[in-house]
Protein chains: 2
Amino acid sequence: MSSKSVTLKDVAAAANVSRATAARALNGYGYVGKEAAERVRVAAGKLGYRGNRIAQALRQGELPLIAFVPGDILNPFFSQIAHDLETELRAYQSNLIIASNQEDVELEQQVLTNILALNVKGIIVAPASNEKTPQLSKLIEDKYPLVVIDRVPEGLLCDNITVNNQQGAEEAVEFLIEHGHRRIAVIHDDSRIASTRDRLAGYRLALKNRSISFDETLVVESKSTISHAIDATIRLFHQENKPTAIFTTDSLMTKGALLALRTLGVKIPHEVSIIGFDDFDMATFSDPQITVLSQPVDKIGPLAIKMIMERIAGSQAPVKSIQFPTQLIVRGSVLNI
Amino acid sequence: MSSKSVTLKDVAAAANVSRATAARALNGYGYVGKEAAERVRVAAGKLGYRGNRIAQALRQGELPLIAFVPGDILNPFFSQIAHDLETELRAYQSNLIIASNQEDVELEQQVLTNILALNVKGIIVAPASNEKTPQLSKLIEDKYPLVVIDRVPEGLLCDNITVNNQQGAEEAVEFLIEHGHRRIAVIHDDSRIASTRDRLAGYRLALKNRSISFDETLVVESKSTISHAIDATIRLFHQENKPTAIFTTDSLMTKGALLALRTLGVKIPHEVSIIGFDDFDMATFSDPQITVLSQPVDKIGPLAIKMIMERIAGSQAPVKSIQFPTQLIVRGSVLNI
DNA sequence: GTGAAAGCGCTAACAG
DNA sequence: CTGTTAGCGCTTTCAC
């Protein structure tokens, strides 16, 4: 690793100046003689000097690193956000560390500990639990730059970005009810996740508004993967009490449900109607196209960076809580019954 | 940031020992008195000592960080790999930095420079260019732990993992030809990407084998996103010379083509047959299901970690080049003509 | 068994 | 304008 060992000292020696001068020339601060600066630049170029951010960080306290802790990077919702974070961070010369919590509170703990030891500048997290974990609380107490997205644990006071999960879900289910549906199933992932909990609350609220009794046999839990959702859907349709409509709480589960229905030979929308939370790439491919509740995914990443950079810059402003509206996109997967 | 300032010195003071002893107790090496060790551990716990990997790294030369430079994390192919890398790295207490090159050589340069300054332990990259870039060559010269995946620039001698792009593409196109197709379109992304170049070579080879002349009006370039592929497909079908079959060189473009064909009202497989490179989540949803050439995506991440960890451990073994076979999964999107 | 001390590569206050 | 100097927090000989 020859080039790794090119240090500021080497450059300074080659340019015949002190390390301080070399540093000033390279980083462009303070007074440096034109000629000396030039010599330094040439020497640095020739030696292939790359600098060492670790040493810099040790002095300055932190690395140009932001951590992102999503539920699972495989979920298109999170990979879109990761992509946007990455893009935005380029402007700040910072890099993105990604460490999924796999919707597991234990793992989230580990992951956070790991990340904190790196002295990252800030953390953007989609917490696995809907309860305050000691870890997260500690971060807030310490005023660590932190932005929570997608879901906010009960009582956690920090900058956060969410969508209107409950009202959105309510609207979606209402829409099904207006089309005459009464036996509406919901396929959801772990209800310890705050966003899921809220979406389920919206589901129950819609039923309640219309005095439809809650039937727990129509509520099936899955993991947020296509294959788990396929299994969940098959389970749902293997029981006596079949639904006339399905509401899925995220796009991976919508895809799973769709795939399962196809295998089961259940026709959409004639035999079952469906609405999914979160739009997805192939929603307009099927015939009929799938009705969804879309969320403005592309707004989340850029806003998260804006918020965290403000905190990193030292903002003491009161906690910001941004909630985006969801939007029902009516396509053809819901039929009057 | 109170807790951030808990340093080894603080712990040592609280435990009434020297920093050296505290370090020994905490990291479990060298001789430490049982009782002293206990005092240190208690103090560390009480103060919430987290350690500082930056300082550690400065001494030891590197951070427990591996960088992944994919084409674009939005592509499911890469997000699957990212997910697997992350999972594997947990066993090594290392974190993953993700910085996409967006299939842009310039950007890749920047990104690599950025990452190298962090003294990461190793880099896993899907190079944007099919030519050796000076950056990458330099890394190899310096024996920097490096694993190239998905595509190998011409003449780059380093550990790499690919799939049999050319032969796979050839097989797919042969399959179309066997079904009587002669006007076979290909929708591909930037041919400067080595894997794309090889897939195109396979396409041309298949035509040549069967003495079908190459028709450049059937070759359309897109970017690897759904929306660009939609446009490309529409362009393709707006010209005189329409294809009877389409071969797409990655899954995002397959999805785009599918969506476009639906909009255009072109029926699969009766009006056009299609085969896509890389399997995808909704391939079995449509009727007919989509025939694809699948690659063993889930093998790539774990193997890449294995390879890079060997290099990090200092292996001087000769360069390894692993090529996985692709597999034609025949479903229903190709019809005899 | 434990402490003192040197130093990883860099920056920044201070003195010229 | 430039050099000297003192660390950032940690590990690791080397003495005791």
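We name chains A, B, ... by the order of the sequence lines, and we start the count at 1 in each one.
- Among the atoms of the strands shown, none is found under 4.0 Å from any heavy atom of A57(B).
- Atom CD of E131(B) has 12 or fewer heavy atoms from other residues, nucleotides or ligands within 6.0 Å.
- Between the P atom of dG3(D) and the CG atom of L8(A) lies a distance of 12 Å, rounded to the nearest Å.
- DNA chain C is contacted by R19(A), A20(A), A23(A), R24(A), N27(A) of residues 16-27 of chain A, taking any non-hydrogen atom closer than 4.0 Å.
- Rounded to whole Å, atom P of dG9(C) lies 15 Å from atom CG of L63(B).
- In this structure, the CD atom of E35(B) is 12 Å from the C1' atom of dG1(C), given to the nearest Å.
- Here the closest non-hydrogen pair linking A67(B) and L96(B) is C-CD2, 4.4 Å.
- The end-to-end axis angle of the helix from dG1(C)-dC16(D) to dG16(C)-dC1(D), rounded to 10 degrees and based on five pairs per end, is 40°.
- Side-chain N/O atoms of N52(B) and Q56(B) include no donor and acceptor closer than 3.5 Å.
- In this entry the distance linking CG of N52(A) with P of dC10(C) reads 5 Å, nearest Å.
- Other residues, nucleotides and ligands contribute at most 12 non-hydrogen atoms within 6.0 Å of the CZ atom of R192(A).
- Side-chain contact between T7(B) and R19(B) is absent, with no heavy atoms from C-beta onward closer than 4.5 Å.
- Per the geometry, CD1 belonging to I54(A) stands 18 Å off C1' belonging to dG7(D), to the nearest Å.
- Remark: C1' of dT5(D) and CZ of R59(A) are 11 Å apart, rounded to the nearest angstrom.
- Phosphate proximity of dT13(D) to Y29(B): absent, as no side-chain N or O sits under 4.0 Å from OP1 or OP2.
- Between D84(A) and G301(A), the shortest heavy-atom distance links the atoms CB-CA, 4.2 Å.
- Contact between N101(A) and G71(A) at its shortest, heavy atoms only, is OD1-CA, 3.2 Å.
- The nucleotide whose nearest atom lies closest to any side-chain atom of T7(A) is, among dT11(C), dG9(C), dG1(C), dG9(C).
- Counting heavy atoms from C-beta on, the side chains of I124(A) and I305(A) come closer than 4.5 Å.
- Residue pairs meeting the side chain to side chain donor-acceptor pair (under 3.5 Å) criterion with at least one member in residues 146-157 of chain B, sequence neighbours excluded: E103(B)-R151(B), E154(B)-R197(B).
- To the nearest angstrom, C1' of dC8(D) lies 13 Å from CD of Q56(A).
- Rounding to whole angstrom units, CG of residue D10(A) and P of dC8(C) are separated by 11 Å.
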